[in-house]
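The block underneath contains the structure these notes are about, expressed in structure tokens.
Values below: all heavy atoms of this structure, side chains included; hydrogens, waters and symmetry mates excluded. So that the names make sense, note that chain A is the first sequence line, chain B the second, and so on, each numbered from 1.
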Amino acid sequence: MNTYSVKATLAGKAPAETTVTVKGWVRTRRDSKAGLSFIALTDGSCFGNLQIVAENTLSNYASEIQHLTAGCAIEADGLIVPSQGQGQSYEMQATAVRVIGWVDDPETYPIQPKPHSMEFLREQAHLRARTNVMGAVARVRHTIAQAIHRFFHEDGFVWVNTPILTASDAEGAGEMFRVSTLDMMNFPRTPEGKPDFSQDFFGKETFLTVSGQLNVETYCMALSKVYTFGPTFRAENSNTSRHLAEFWMIEPEVAFANLADNAALAEAMLKYVFKAVLAERPDDMAFFEERIEKGVIAKLEGMIKNEFVRMDYTEAVNILQNCGHKFDYDVSWGIDLQSEHERYLAEKHVGAPVILQNYPKDIKAFYMRLNDDGKTVAAMDVLAPGIGEIIGGAQREERLDVLDARMDEVGLPKEPYYWYRDLRRYGTVPHAGFGLGFERCVAYVTGMGNVRDVIPFPRTPGNVRF
RNA sequence: UCCCUGAUAGCUCAGUCGGUAGAGCAAGUGACUGUUAAUCACUGGGUCGUUGGUUCGAGUCCAACUCAGGGAGCCA
């Protein structure tokens, strides 16, 4: 007997007049004393449930079927037929229902057929995948990841796996997690009494990566179009809906490209992703539209249709200074824009994503390319309404003398970066890239308000339980 | 890390002026001629986050701590 997914049966892909098998978990059970029960079955293959009609003529009707509760695992055999009731295309007329796994103590089973708060579900991270929301998030997350790989692949990019362990202790992107095999109770010490990392596993102090960018630039200088897609770690004590200690990041890097090319790539990539989600996951998006964020679908359609606004930092400062809006923090040229400023630009002034470009060099990283004005660098941030900075990127400084001057200015030692500087000594070319926070992207697409709810097992300060 | 708010049944919450604990959903039992997070009736279910303090008496007032949420900073 052939097994069919819930998705296939609802799409009418199961053969008519043939007994098939479905397998999954009970969402709800409704009884009718007409002598039958309705079981809503999910197997995660799509948003919808398959309705299984089980009549009291089944041998285990009273003993088992009437005791099924949310979460029970079952297999059912039967005919897939057009539904006699409203609300679903097809349903199964069951000839057998086998219970594979009961729910122990249904009263305390956390996942009940009712609304749960996201905070509660976060405490039940091992069970929350069984909910409508998390199932929909998981499928959309997968769709986005696949779309990103497809977008780059179709455009001739090569996926480069940059290292997760790194000895660069000054990548400048944030606090880092140390990785060590030294005995923390009794570690070897230098004459100065500090930990002697020369006796550690790698012979020097080692961390988890905060960015694959510097590494991926080396492959960019050989393969022209490359990107990373992998986990990233930041030991910042950030407690917000947009930060995780462990998150996934996509970092394309393109040779012979400038800032305008970079912005165009970011825009094309986001549009490609949004189109893919709307096309491939209409069921899940309809759910997000109804229960999570009214208007998400129109939001994405608008992003696909309209050109992203490009705006120079200097212009943004002028707008903010003359808009008449009272900000908690005053705006002047040279400051790092506050969340309230970015939000005003994206949400009020433009009402759509904005690509802010050419920031003052003093508030940006050392590797960003110095513009001819000597004051700004070719950096860009993509600000999305509602979530803020979703992408940060730049054209890189390809001129060794300028890069060295910048490193001196910032006070970075050259020796650890000799390999990064070598890229500028041997066949250097203009190049540019950006970083996309994967969870921020998933949150934006689904309308979910917290990145902790779009990653299966969020890691945040004080939370590494599951 | 800073500011604000919160923690009461399995879940979501109410709980007045300090006077001895409530609802809805879920669960159990029963009713109901195909239901759509069904409906109706009944039943069981509580260390009021932790510790200490004030008081004859604390879910309620005070302090500290823990955790969570919103905002900020840092950033993706």
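Separation of the P atoms belonging to B/C62 and B/G19 is 15 Å when rounded to the nearest angstrom. Only the C1' atoms considered, B/G53 is 28 Å distant from B/A9, to the nearest whole Å.
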Base-pairing string, 5' to 3', of RNA chain B - Watson-Crick or wobble, under 3.5 Å, | interstrand
(((((((..((((.....[..)))).(((((.......))))).....(((((..]....))))))))))))....
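Checked against ring pair (Phe, Tyr, Trp, His ring centres under 6.0 Å), A/Phe151 has the following partners two or more places apart in sequence or in another chain: A/Tyr272. For A/Tyr219, there are no ring pair (Phe, Tyr, Trp, His ring centres under 6.0 Å) partners at least two apart in sequence or on another chain. A/His349 pairs by the ring pair (Phe, Tyr, Trp, His ring centres under 6.0 Å) definition with nothing, not counting sequence neighbours. In this structure, the side-chain contact (heavy atoms from CB on, under 4.5 Å) partners of A/His243, at least two apart in sequence or on a different chain, are A/Ser238, A/Thr240, A/Arg440. Scored by the side-chain hydrogen bond (donor to acceptor under 3.5 Å, both in side chains) test, A/Tyr444 finds no partners at all (sequence neighbours excluded). Residues satisfying the salt bridge (Lys or Arg N to Asp or Glu O under 4.0 Å) criterion with A/Arg465, sequence neighbours excluded, are A/Glu123.
In terms of polar N and O atoms assigned as donor or acceptor, the side chain of A/Ser238 comes within less than 3.5 Å of the base of B/C74 in a complementary pairing.
You can call A/Phe247 stacked on the base of B/A76; the centres are under 5.5 Å apart and the planes sit within 30°.
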Can you check nucleotides 2-7 of chain B for protein contacts, nitrogen or oxygen pairs under 3.5 Å, and list what you find?
none

Do any N or O atoms of the protein come closer than 3.5 Å to N or O atoms of nucleotides 36-39 of chain B, and which pairs are they?
unit_1 : atom_1 : unit_2   : atom_2 : d
B/U36  : O2     : A/Gln88  : OE1    : 3.0
B/U36  : N3     : A/Gln86  : O      : 2.5
B/U36  : N3     : A/Gln88  : OE1    : 3.4
B/U36  : N3     : A/Gln88  : NE2    : 3.3
B/U36  : O4     : A/Gln86  : N      : 2.7
B/U36  : O4     : A/Gln86  : O      : 2.4
B/A37  : N6     : A/Arg291 : NH1    : 3.1
B/A37  : N1     : A/Pro115 : N      : 3.1
B/A37  : N3     : A/Pro113 : O      : 3.2
B/A38  : OP2    : A/Arg30  : NH1    : 2.8

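Sorted by first then second residue, the side-chain hydrogen bond (donor to acceptor under 3.5 Å, both in side chains) pairs that include residues 334-344 of chain A, not counting sequence neighbours, number zero.
Aromatic ring centroids of A/Phe229 and A/Phe438 lie under 6.0 Å apart.
The stretch residues 132-141 of chain A has no heavy atom under 4.0 angstrom from RNA chain B at all.
Each of B/G70, B/G34, B/C74 was ranked by its minimum atom distance to the side chain of A/Asp336; first place goes to B/C74.
Note on A/Gln93: a base of the nucleic acid sits closer than 4.0 angstrom, heavy atoms only.
In this structure, A/Pro458 and A/Arg128 approach most closely via the heavy-atom pair CD-NH2, 3.4 Å.
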Encode nucleotides 40-47 of chain B as B, S and - characters from 5' to 3', where the letter depends on protein heavy atoms closer than 4.0 Å: B to the base, S only to sugar-phosphate, - to neither.
----B---
